[in-house]
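Take a look at the structure set out below.
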Amino acid sequence: MMKLFNSKTVDIIFAVLLGYFAWNRYSDGHTGVGILLAVIAVLNLVAFFAKLNIEKKTNQNIK
């Protein structure tokens, strides 16, 4: 169960939720809030890929 909620999984979950809320706000006419939430969702995806890259480099150094 603890493996399910590691930081990379949480980054993906937040990115999906923020993407949904961004689209919801944008479609309701709140463009500024929608763009803000979309930017935060993209930053969560960037953090996810950075963590994958760090983990890959760490695993290569161990072997």
Side-chain angles (χ1 to χ4, degrees):
M1 185 71 175
M2 291 304 293
K3 202 69 162 159
L4 180 66
F5 292 110
N6 61 19
S7 65
K8 291 184 298 240
T9 305
V10 172
D11 281 335
I12 293 293
I13 291 171
F14 281 158
V16 170
L17 285 174
L18 285 168
Y20 170 75
F21 289 127
W23 178 256
N24 190 10
R25 292 293 90 205
Y26 184 77
S27 65
D28 283 346
H30 299 106
T31 307
V33 175
I35 291 171
L36 176 68
L37 290 174
V39 168
I40 295 171
V42 169
L43 288 175
N44 271 322
L45 290 175
V46 168
F48 171 74
F49 286 116
K51 289 175 186 177
L52 280 181
N53 192 19
I54 290 168
E55 183 179 2
K56 182 179 176 182
K57 287 181 181 178
T58 303
N59 288 339
Q60 285 178 353
N61 289 339
I62 291 173
K63 290 182 181 180

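Keep in mind that what you see is a predicted model, and the values were worked out from it rather than measured. In this chain, residues are counted from 1 in sequence order.
- Contacts of Ala41 classified as side-chain contact (heavy atoms from CB on, under 4.5 Å), with partners at least two apart in sequence or in another chain: Leu18.
- Residue pairs meeting the side chain to side chain donor-acceptor pair (under 3.5 Å) criterion with at least one member in residues 30-40, sequence neighbours excluded: Arg25-His30.
- Linking ILVMFWY residues whenever their side-chain heavy atoms come closer than 4.5 Å, directly or via other members, leaves Leu43 and Phe14 in distinct clusters.
- A search for side-chain contact (heavy atoms from CB on, under 4.5 Å) contacts involving Phe48 returns Lys8, Asp11, Ile12, Leu52, not counting sequence neighbours.
- Through direct or indirect side-chain contacts shorter than 4.5 Å among Ile, Leu, Val, Met, Phe, Trp and Tyr, Trp23 is connected to Tyr26.
- Under the 4.5 Å side-chain heavy-atom criterion for ILVMFWY residues, a single connected hydrophobic cluster contains both Leu36 and Tyr20.
- In this structure, a donor-acceptor pair under 3.5 Å is absent between the side chains of Thr58 and Asn61.
- Remark: Ala22 engages Leu37, Ala38 in a side-chain contact (heavy atoms from CB on, under 4.5 Å) (not counting sequence neighbours).
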